[in-house]
Undergrad: 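Could you have a look at this structure, given as structure tokens, before my questions?
Counting starts at 1 for both ligands and their atoms, following the listed order.
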Amino acid sequence: MKDDDKSPASESSKKTIFDFTPEMSVGNEIIDADHRAFFQISKLLSETLESGERGMVVLSSLSILEEYVDGHFLREEKAMRKVDYTNFAEHRLKHNQFRARVKAIADVFRQGTISAADDLPPLVIQWLRSHIANEDQKYKRWLTHSAVDNRPLVFLAIEAEHDN
Ligand SMILES: [Fe+2]
Ligand SMILES: [Fe+2]
């Protein structure tokens, strides 16, 4: 069984899903770094759950994921506002809907339904890939380097917590 899990095919298909590829770049290193980290967190959560772990490590991964959702979305939203991006409201609504889904699943897990966490890695990675390709790419040509808040994400996550 273990050998099957480590077959080259399953390794490479996993890599494809969780890999950040150059065409996903929005032309800003800070936002790209956020996106890369998002992929890594999704991968970490997926691997943690696959290992059978359902305790503290999952709880910590969920907290990191929620922190990234809050911090990264605020980083993008502040930048979009600064450059008067025309689709700002629509983009923000998509962030809010996704944030609500992640928080709802995480809350169900924290309330004791441990199987709820299994829904997160596929939701997060599919949403992320689609959102970067279809939504984040649209602000690419509007974005300027100075519009992007370059503080570490944790500061933005704290700011987002006060905003929401
Ligand atoms: Fe993004
Ligand atoms: Fe976005």
Undergrad: Taking a hydrophobic cluster as the set of Ile, Leu, Val, Met, Phe, Trp and Tyr residues connected by side-chain heavy atoms closer than 4.5 Å, whether directly or through intermediates, do Leu62 and Leu44 fall within one such cluster?
TA: no

Undergrad: Taking atom types as modelled, find out whether His131 and His95 have a side-chain donor-acceptor pair closer than 3.5 angstrom.
TA: yes

Undergrad: Tell me whether the Fe ion (ligand 1) has Asp136 as a neighbour, meaning an N, O or S atom of it below 2.8 Å.
TA: yes

Undergrad: Where the Fe ion (ligand 2) is the centre, what is the OE1-to-NE2 angle for Glu76 and His131, rounded to 10°?
TA: 170°

Undergrad: To 10 degrees, how wide is the angle NE2 (His91) to the Fe ion (ligand 2) to NE2 (His95)?
TA: 90°

Undergrad: Can a side-chain donor-acceptor contact be found between Glu76 and His35 if the only test is distance below 3.5 angstrom?
TA: yes

Undergrad: Check for a donor-acceptor pair, side chain of Arg54 on one end and backbone N or O of Leu49 on the other, with a separation under 3.5 Å.
TA: yes

